[in-house]
Amino acid sequence: MTDFSKDQINELLSNVTDITFNTVDFGASYVYFNNSRRTKDIVDYTNEGEQKVFEALFKIIIDQLQKNPNKKDYQALFYGHYFRCNMIMSVSGNLIHCRHMPFDFIELKETGIPDLMIDELMHARLNKGGLIFIAGAPGNGKSTSAAGIIKERLKLYGGVCICLEDPVEIPLHGKHGEGRCIQVPVDTNFADAIKSSLRSYPAGQNTMLFIGEMRDGDSAATALQAAIDGRLVITTFHAEDLMIAFERMANLLSTVKSEDEAYFLMAQAFRIGIYQRLAKSQNKMTLRTSLLLDTLEVHSFIKNKKISGLQQARESQFLDLKNKRRIKYRLD
């Protein structure tokens, strides 16, 4: 690797979004690129130095796999480039899919979230707790947006944020302004990890809890109760719109609560919902977003299980924000 500079590594990997390594035949490994549906086999890189870069990355990832033989998900750091890795059992043998994550932090204003939304996400009322969730399909920047929100709120208001992730995706651990973030990799029970984290906050601080994704009823119920009790809980959901995200959350909660209790918990905890997707526009990817805020009307729709009514409420709120009309929050 001494014959290959960091700048050359950065140039080689700058447009690479994912790499899939074949553990049986390294030559059958391939890469994916930004703004493109094409792939390129690693053997097609004829430059000897480029081959050495991929071979070195492959060795680091295999070393991580050997250290964590029972884990299907793990992370690897390679000369300032961070990869989230996942084992795939294919008909041709084991594959390791590596998502190229941002190592240099993306600021919230750089994510593409509109300023009107950022103003709502930075509102002081959220220091009293509640739930923010970001919905979207995989690979549409949900974790990036969540990380930006956390960093900006820590810089603005101080306090502590504990991030529970499997695996850790975006580097947030450490100090941001007067606030501090603690990232905790979770490889067991998310509900237990949430309960443990709630005993780990210092007294008298603004407190946030980030959950990489709600995956089961126990963790969802514990997180929403924490939001009601005064934590600002931020999480992501794989969903095609906000309404589907609410329905998925209700389905999770209904495994441990009655249906009425599930919708009541959501109504009490909810503060902000965001749906986002990346769309190609003029040969570049642009973030498309929509927003829902916790008005009395929205609270009533959720509590009474009328999720379809949230579509009209969202459209009405959009017009209010666009025309700079004040929105009256449920807990004003």
Side-chain angles (χ1 to χ4, degrees), residues 113 116-117 120-121 123 125-126 128-143 145-146 149 164 190-191 194 208-229 231-277 287-321 327-331:
I113 295 177
L116 286 172
M117 285 192 184
E120 295 296 336
L121 292 164
H123 203 292
R125 72 192 180 96
L126 299 174
K128 297 177 182 179
L131 173 70
I132 297 175
F133 71 80
I134 305 170
N140 279 261
K142 300 185 297 297
S143 295
S145 296
I149 294 166
L164 306 177
F190 256 84
I194 295 170
M208 289 188 285
L209 174 64
F210 173 63
I211 303 168
E213 183 187 359
M214 288 188 185
R215 302 180 182 183
D216 60 81
D218 284 333
S219 61
T222 305
L224 264 63
Q225 190 58 58
I228 293 169
D229 291 343
R231 305 275 188 265
L232 179 60
V233 176
I234 302 170
T235 191
T236 64
F237 258 98
H238 292 323
E240 292 303 318
D241 62 36
L242 286 174
M243 274 48 76
I244 291 175
F246 275 109
E247 290 168 355
R248 283 200 60 206
M249 198 185 311
N251 289 336
L252 286 178
L253 290 166
S254 295
T255 63
V256 294
K257 301 283 185 182
S258 71
E259 188 178 41
D260 286 344
E261 288 177 312
Y263 280 92
F264 179 77
L265 266 178
M266 288 196 302
Q268 292 296 104
F270 177 71
R271 295 294 179 273
I272 298 177
I274 295 173
Y275 170 73
Q276 64 180 52
R277 66 181 180 89
L287 191 69
R288 309 292 190 194
T289 57
S290 58
L291 178 77
L292 183 70
L293 299 168
D294 58 322
T295 61
L296 282 171
E297 179 187 41
V298 166
H299 179 270
S300 177
F301 280 138
I302 299 171
K303 185 177 69 172
N304 293 306
K305 311 174 204 175
K306 297 180 179 179
I307 300 303
S308 61
L310 296 177
Q311 176 69 29
Q312 182 178 346
R314 182 179 64 181
E315 292 170 0
S316 176
Q317 289 180 10
F318 170 76
L319 292 175
D320 286 340
L321 289 171
I327 292 178
K328 182 174 175 58
Y329 311 111
R330 179 175 72 90
L331 297 178

> How about Tyr263 and Phe246: are their ring centres within less than 6.0 Å of each other?
Replying inline: no

>> Tell me the closest heavy-atom pair linking Ala227 and Ala269, and the distance in Å.
In response: CB-CB, 4.0 Å

> Between Phe190 and Ser219, what is the shortest heavy-atom contact and its length?
Replying inline: CB-CB, 4.0 Å

> Between Asn140 and Arg277, what is the shortest heavy-atom contact and its length?
Replying inline: OD1-CA, 3.1 Å

> Do Ser290 and Ile274 come close enough that some side-chain heavy atom pair is under 4.5 Å?
Replying inline: no

>> Could you walk me through whether Leu131 and Ile272 satisfy the side chain to side chain contact (heavy atoms under 4.5 Å, CB included) test, starting with their C-alpha distance in whole Å, then the side-chain angles of each, then the deciding distance to 0.1 Å, before giving a yes or no?
In response: CA-CA 7 Å; Leu131 173 70; Ile272 298 177; over 6 Å; no

>> If you count heavy atoms of other groups shown closer than 6.0 angstrom to CD of Glu315, is the number above 12?
In response: yes

> With a 4.5 Å heavy-atom cut-off, do Lys328 and Asp320 have their side chains touching?
Replying inline: no

>> Checking the side chain of Thr236 only, and the main-chain atoms of Lys142 only, is there a donor and an acceptor separated by less than 3.5 Å?
In response: no

> Passes side chain to side chain contact (heavy atoms under 4.5 Å, CB included), Met214 versus Arg248? Steps please.
Replying inline: CA-CA 10 Å; Met214 288 188 185; Arg248 283 200 60 206; over 6 Å; no

> Does a side-chain heavy-atom distance below 4.5 Å link Ile302 with Met266?
Replying inline: yes

> Testing Arg271, Arg314, Gln317 for side chain to side chain contact (heavy atoms under 4.5 Å, CB included) with Leu293, which one passes?
Replying inline: Gln317

> Can you tell if the side chain of Phe270 reaches within under 4.5 Å of the side chain of Arg330, non-hydrogen atoms only?
Replying inline: no

> Does any non-hydrogen side-chain atom of Gln276 lie less than 4.5 Å from one of Arg288?
Replying inline: no

> Of the non-hydrogen atoms in Ala313 and Val298, which two are nearest, and what is the gap between them?
Replying inline: CB-CG2, 3.9 Å

>> Check whether Ser300 reaches the backbone of Glu297 with its side chain - one donor and one acceptor, N or O, closer than 3.5 Å.
In response: no

> Do Val233 and Ile211 come close enough that some side-chain heavy atom pair is under 4.5 Å?
Replying inline: yes

>> Are the side chains of Phe133 and Leu242 in contact, using a 4.5 Å heavy-atom criterion?
In response: yes

>> Between Ser316 (side chain only) and Gln312 (backbone N and O only), is there a donor and an acceptor less than 3.5 Å apart?
In response: no

> In this structure, are over 12 heavy atoms from other groups packed under 6.0 Å from Tyr329 atom OH?
Replying inline: yes

>> Quick one, Leu265 and Lys257 - any side-chain contact, counting heavy atoms below 4.5 Å?
In response: yes

